Amino acid sequence: MGSYMGFDMVPRLSEGLVHKQNWQKFLNAIKERYQNDDQVEVKPNYIAFKADPDLLLPFECHKFLRFGAMIPNEDSSGLRNYIDTVSRVAGVSFGSRGYCWNEGSGVLGFYAWDDVKRSIRSYEQFDEPEMPTTIAQLVLGTDPISELGLPLYKAQPVLGKGQGLVARFNIAKGQLIISEKPFFTTSKIASATTMEKQMAIELRKLSKNAQRQFLSLHNNFPGKQPFSGIVRTNALPCGSESPIGGVYPTISRINHSCLPNAHNSWNSESGYENIHAVRFISAGEEITIPYDHGGTSDERRRYLKDAFGFDCDCSICSRQPTELKQSDERRRQIQRLDAAIGDGLRVMYSPKDCLRDCRVLLQVLEEEYEGSHGAHLARLYYDAFQVSIVHGDQARAGVFAERSYRARAACEGEDNPETKRIRILMEDPKRHGSFGLSMKWKSLKDQVPRGLSAYGFEGWLWTGK
């Protein structure tokens, strides 16, 4: 048989300039060493050693975990020599960070093979570049502000909106801004009088300070039921379409925008509401989330007025008539495409059309949400995953699941139950309940083509079989 050997990067490299530059010098040394070796090929996204399909060095240093393979007893392809040489060059470039291991000698690799395989799959496509929030993050890939645990926000008056949350520092896309438990949760109750009595009971259970915090929240529905008015104004659903809502000391102060820069999500396991940035937020900028359910500007305004008692004048709704009309048409197109993609009969009998609609929807979302379409993106890629897995296509399904996982992790966190569920499907697509209803696109998970250009890879991914 043989034994596994190689080296791991421990700890893994960051996206900072220092690590990027050191990694580039390392890659240049490898390219120079093997420039006349036809068994080593420079691909669009990585350097490939043909002796083993997983023996790759990506151009993006932060993705790299391991350079290793099983060395057969009869090593005719020179695998051991490749691994020894690259490991030595890595040792010169990164010192003890290059952790060498050899299972034949009883020294195991640092990372689990599942994590290594997942990192290798990510080589096929470059990550979307993210703007660093500090000079330290740009150079070193670390952010001392978040490491110190300082709050990223402050509550303050916002012109025309009362209280709101404003960024104290630059906030990176995907960063957790705040995680908070609710004062209490409540279900939808038909009678305001009944809700008022229930809220009075819940308030008596809170500390005096928590009671003051609750009573200081805005009330769009003043009158004889002040407690239920505050709940109606500030409650967020505990999960998508949930009849249960929570009211929060700080999160309930976050105002609405139809083009938000943050996303709110409920973690049913921890019992916390989490707010993540869905795009770069600059210091001094207001943090916003969506209250609406989508639709055109007129539909959104009507809903927001009825449900929360305010007239929306966000950056979308306050656009010039021509621009607003274009936005409304994109929102209508998003609704039409979403309905078409969710049609079970089309998924079964016209899967290529569904994938085509997914790709069109991706383009429309990017245009309408200007890069802040995190939750929409996670759902879109999950829809594409379902189209693929229904027809037995594990290769495409695995890629779509990984993209959905990354999008959801960025806007809801890796510890969110739905994010963890999608990670399981990313690792083993056939665990989805609809796997194999048709096998017309049958493929194995490891049959993702390698060495394609970014354009060629997207062409393969979205066209189906």
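Since the model is a prediction, treat every value here as computed from it, not as a measurement.
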- Query: Okay, side chain of S404, backbone of A378: is any donor-acceptor separation there less than 3.5 Å?
  - Reply: yes
- Any donor-acceptor N/O pair, N267 side chain to G271 backbone, under 3.5 Å: no
- Item | F59 ring center near Y123 ring center (under 6.0 Å) | no
- Task: May I ask you to say whether K430 pairs ionically with D428, meaning some side-chain N is under 4.0 Å from a carboxylate O?
- Result: yes
- Task: Answer yes or no: are there more than 12 heavy-atom neighbours, outside F126 itself, under 6.0 Å from its atom CZ?
- Result: yes
- Message: Can a donor-acceptor pair be found, under 3.5 Å and without considering hydrogens, that links the side chain of R279 to the backbone of H373?
- Response: no
- Query: So, the side chain of E285 versus the backbone of S282: is there a donor-acceptor pair under 3.5 Å, distance only?
  - Reply: yes
- Are R66 and W113 in a cation-pi setup, meaning NZ or CZ lies under 6.0 angstrom from the ring centre and within 45 degrees of the ring axis? yes
- Audit row: S14, H19, side chain to side chain contact (heavy atoms under 4.5 Å, CB included) steps and yes/no: CA-CA 6 Å; S14 74; H19 286 168; 3.0 Å; yes
- Item | K25, NZ: over 12 other non-hydrogen atoms inside 6.0 angstrom | no
- For residues L461 and E458, determine if any side-chain heavy atom of one lies less than 4.5 Å from a side-chain heavy atom of the other. yes
- Message: Can you list everything that forms a side chain to side chain donor-acceptor pair (under 3.5 Å) with Q386? Sequence neighbours excluded, please.
- Response: none
- Under 4.0 Å between a Lys/Arg side-chain N and an Asp/Glu carboxylate O for K20 and E15? no
- Output field: ring centroids F400/Y382 closer than 6.0 Å: no
- Does atom CD of E32 have more than 12 heavy-atom neighbours from other groups under 6.0 Å away? no
- Query: Just by modelled atom types, is the L365 backbone N or O under 3.5 Å from a matching donor or acceptor in the E368 side chain?
  - Reply: no
- Query: Is the F67 to Y82 ring centre distance short of 6.0 Å?
  - Reply: no
- Message: Taking NZ in K442 as the centre, count heavy atoms belonging to other residues, nucleotides or ligands within less than 6.0 Å. Is the count above 12?
- Response: no
- Task: Decide yes or no for H62 and R12: does some side-chain heavy atom of the first lie under 4.5 Å from some side-chain heavy atom of the second?
- Result: no
- Task: For K445 and G398, indicate whether the former's side chain and the latter's backbone hold a donor-acceptor pair under 3.5 Å.
- Result: no
- Task: Check whether the side chains of D328 and S297 place a donor and an acceptor atom closer than 3.5 Å, and report yes or no.
- Result: yes
- Task: First locate atom OG of S187, then atom CD1 of I244, and finally report the distance between them rounded to the nearest 0.5 Å.
- Result: 4.5 Å
- Message: Ring centres under 6.0 Å, that's the criterion: do W23 and F64 meet it?
- Response: yes
- Salt bridge between D54 and R450, side-chain N to carboxylate O under 4.0 Å? yes
- Query: Are any side-chain N or O atoms of N234 and backbone N or O atoms of V247, one a donor and one an acceptor, separated by less than 3.5 Å?
  - Reply: no
- Neighbour count >12 (heavy atoms, 6.0 Å) for atom NZ, K420: yes
- Message: Using ring centroids (six-membered ring only for Trp), state whether Y272 and W266 fall under 6.0 Å.
- Response: no
- Under 4.5 Å between any side-chain heavy atoms of I316 and R300, yes or no? yes
- Message: Strictly below 4.0 Å, N to O, side chains only: are D353 and R356 in salt-bridge contact?
- Response: yes
- Message: Tell me whether R168 at atom CZ has more than 12 heavy atoms from other residues, nucleotides or ligands lying less than 6.0 Å away.
- Response: yes
- Determine yes or no for a side-chain-to-main-chain donor-acceptor pair under 3.5 angstrom, with H391 supplying the side chain and D393 the backbone. no
- What is the distance from atom CG of D292 to atom CZ of R331, rounded to the nearest 0.5 Å? 6.5 Å
- Between Q213 and P249, is there a donor-acceptor pair closer than 3.5 Å when you use the side chain of the first and the backbone of the second? no
- Query: Considering residues at least two apart in sequence or located in another chain, which fulfil the salt bridge (charged side-chain N to carboxylate O under 4.0 Å, His left out) criterion with E41?
  - Reply: K43, K50
- For E412 and N274, does a side-chain donor sit closer than 3.5 Å to a side-chain acceptor? no
- Does some side-chain heavy atom of I422 sit less than 4.5 Å from a side-chain heavy atom of Y405? yes
- Item | Ring centre gap for F169 and Y153 strictly below 6.0 Å | no
- Does any donor atom in the side chain of Y34 or Q39 lie under 3.5 Å from an acceptor atom in the other side chain? no
- Message: Pair E329, R336 - check salt bridge (Lys or Arg N to Asp or Glu O under 4.0 Å), show working.
- Response: CA-CA 10 Å; E329 180 50 43; R336 288 195 299 267; 2.9 Å; yes
- CD of Q326 to CD of E323: how many Å apart, nearest 0.5 Å? 7.0 Å
- Query: More than 12 foreign heavy atoms under 6.0 Å from CZ of R253: is that the case here?
  - Reply: yes
- Taking S257 for the side chain and T288 for the main chain, is one N or O donor matched with an acceptor at less than 3.5 Å? no
- Message: Are the side chains of L304 and H256 in contact, using a 4.5 Å heavy-atom criterion?
- Response: yes
- Can you find a pair of side-chain heavy atoms, one from R33 and one from T85, that are under 4.5 Å apart? yes
- Message: What verdict does the salt bridge (Lys or Arg N to Asp or Glu O under 4.0 Å) test give for R121 and D115, after you've listed the backbone C-alpha separation in whole Å, the side-chain angles of each residue and the deciding distance to 0.1 Å?
- Response: CA-CA 10 Å; R121 290 196 299 271; D115 292 333; over 6 Å; no
- Verify the distance criterion only: is there a donor paired with an acceptor across the side chains of E103 and S3 at less than 3.5 Å? no
- Item | Ion pair check, D446 and K117, cut-off under 4.0 Å | no
- Task: Could you give me the CA-CA distance, side-chain angles and deciding distance for R97 and D8, then say whether salt bridge (Lys or Arg N to Asp or Glu O under 4.0 Å) is met?
- Result: CA-CA 8 Å; R97 204 169 194 141; D8 292 0; over 6 Å; no
- Can you find a side-chain donor-acceptor pair between N264 and E273 that sits under 3.5 Å? yes
